[in-house]
Amino acid sequence: MTFQAYNTLTRQKEPLEPIEPAKVGFYVCGPTVYDLIHLGNARPLVVFDVLFRLLRLEYGDGNVKYVRNITDVEDKINAVAKERGIAIFELTATTTERFHEDAAALGCLEPTVEPRATAHIPEMITLMETLIARGHAYVAEGHVLFDVPSYAPYGKLSGNSRDEIVAGARIEVAPYKKDAADFVLWKPSTDDQPGWESPWGFGRPGWHLECSAMSHKHLGANFDIHGGGRDLIFPHHENEVAQTCAADPESGFARMWMHNGYLSVDGEKMSKSLGNFHTVRDLLEDWPGEALRFALLTAQYRQPLDFTFDLLKQAKASLDRFYNALAQSAEPAAGPVPDDVLAALNDDLNTPQAISIMHSLADGVFRGEKGAGAALRGAGVVMGLLQSSAKDWFQSGDDDEAGEIEDLIAQRLAARANKDFAEADRIRDALKARSIDLMDGPEGTTWRRT
RNA sequence: GGCCAGGUGGCAGAGUGGUUAUGCAGCGGAUUGCAAAUCCGCGUACAUCGGUUCGAUUCCGGUCCUGGCCUCCA
């Protein structure tokens, strides 16, 4: 089964044809580690994690290389570190650690390689030297700038031409730029800013340059897929293409570009600058990470998705249904991923379709179909869902409390045996007030947190 | 202004040139001491106007509306 996806570059759905037939490599822009990630940032994380899982099934775990960078030098980092009065290294280290915790809570596998920008300064310097030598970059007042007019295909990815970009520019053009569309590769640093010695003086890299250097080092001049949020198409990805391809005429950079749609709030993009965001960390206080992940997968990745608490509620309800099915089928181990689930995901990551199939597998479990539970859990493997036990899903929390609950259940069973239903209901209601539901079944009484 | 998306039932959200997924919520019933879970049954949708077609929600064109990028942004 061949994976196909909508390619932003060609604006059509295309089958994936890896450069090396048995291997796939892809690059996804990771976070700039100046602050906690919000749920909008989590969308590409989860979407491309599903892609990673899917490709690993198809090509084998060892044949898929997923590169997701950490941007740990960037002006926003400097500003936040200064504001909090802490060292830049301290800020990036703790933020990176929290990012890893959040990603794990969302059920994401670790990428194959997670390069940090600050560990690739020599590669960036080499890249700039090549660009200058080839006439695609120039030095001005301690800056190194990319010469946009020197690179004719500029604008191919975003659909913007150089002229249109300049005409729509909303900011003043720095005086040292030869052309209004030129962008910074390297800029001078003062003593209180992070910086490295370079042929052009003490300075630091521009954001776009970092990703070009890292993707080139870990995937080469040509690779299969580049992913990221739609908002990165211009200028970030456009500039990555320009830098890499201008430096190396043999380079085609990424063959396929996959861009996820936005997560919105009340119809507007969730973003730090609008202030309408919910951090993953905050949401994890009240919601299981798996419910957050599920919510992000309820829409196909290219579609806009509007965040509401009702969305999370519905995600949790669906997971409750799946875990009910797994509990009922005696917690089966995962079987192979069902073919129709693979087919859905191979068609441009149609996760809503896959979820729909999972619902019909749950139906199968409730109907008593053999193997349906294993198939359901198998589907969960590629979706990154349903890997806990139903018991953990429903009962996770304070272990000391669990003993007390069991005691109350025993008291209630005694009351029921005596037909003292008033007392039995009193105990049920008391637990319900603590968000604990009791269920009487043929095997006895079980409980869950709601 | 340029470029790029999106408008499907109460909500979320797939899909399709002709019988219109799936889940949640709602209603009725079964089951239950009462519940929960489960099962059975029920309901309103495809922004708008034209065109193509035997037939369009689905293809083409116009219009309206919403959002995004062009500055940092997943």
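Proteins come first, then strands; the chains are lettered A, B, ... in the order of their sequence lines, and each starts at number 1.
- Following rounding to the nearest Å, A/K187 (NZ) and B/rC72 (C1') show an atom-to-atom distance of 10 Å.
- A/D310 contributes no side-chain N or O that forms a donor-acceptor pair with the base of B/rC24 under 3.5 Å.
- Among the nucleotides B/rA14, B/rA21, B/rC69, the one closest to the side chain of A/F234 is B/rC69.
- A cation-pi arrangement, defined by a distance under 6.0 Å to the six-membered ring centre and an angle within 45 degrees of its axis, is absent between A/R68 and A/F48.
- Between B/rA74, B/rC72, B/rG33, one nucleotide has an atom nearer to the side chain of A/F421 than all others, and that is B/rG33.
- With B/rA74, B/rG13, B/rG33 as the candidates, the nucleotide lying closest to the side chain of A/A299 is B/rG13.
- Each of A/R448 and A/D306 was matched to the nucleotide of RNA chain B holding its nearest heavy atom; the match closer to the 5' end belongs to A/D306.
- A centroid separation of less than 6.0 Å is found between the aromatic rings of A/F253 and A/F223.
- Contacts of A/M270 with the nucleic acid, taken as non-hydrogen atoms under 4.0 Å apart, include base atoms.
- Formation of a donor-acceptor pair under 3.5 Å by the A/K316 side chain with backbone atoms of A/A291 is not found in this model.
- Side-chain to base pairing of A/R321 with B/rG23: no donor and acceptor N or O lie closer than 3.5 Å to each other.
- Of the N and O atoms on the side chains of A/D72 and A/T118, at least one donor lies less than 3.5 Å from an acceptor on the other residue.
- With B/rU38, B/rA35, B/rA14 as the choices, the nucleotide that has an atom nearest any side-chain atom of A/N324 turns out to be B/rU38.
- Between A/Y6 and B/rA5 there is a side-chain N or O to OP1 or OP2 distance below 4.0 Å.
- For A/E74 and B/rC72, a side-chain-to-base donor-acceptor distance below 3.5 Å is absent, hydrogens and geometry of angles not being considered.
- Comparing B/rG2, B/rC69, B/rA12 by their closest approach to the side chain of A/N160 singles out B/rG2.
- Residue A/K432 places no side-chain N or O under 4.0 Å from the OP1 or OP2 atom of B/rA36.
- Checked by atom type, the side-chain pair A/Y6/A/Q300 shows no donor-acceptor distance below 3.5 Å.
- Residue A/D425 places a side-chain atom within donor-acceptor reach of the base of B/rG33, judged by atom type and a 3.5 Å distance cut-off alone.
- At a threshold of 4.0 angstrom between heavy atoms, the contacts of A/I233 with the nucleic acid are absent.
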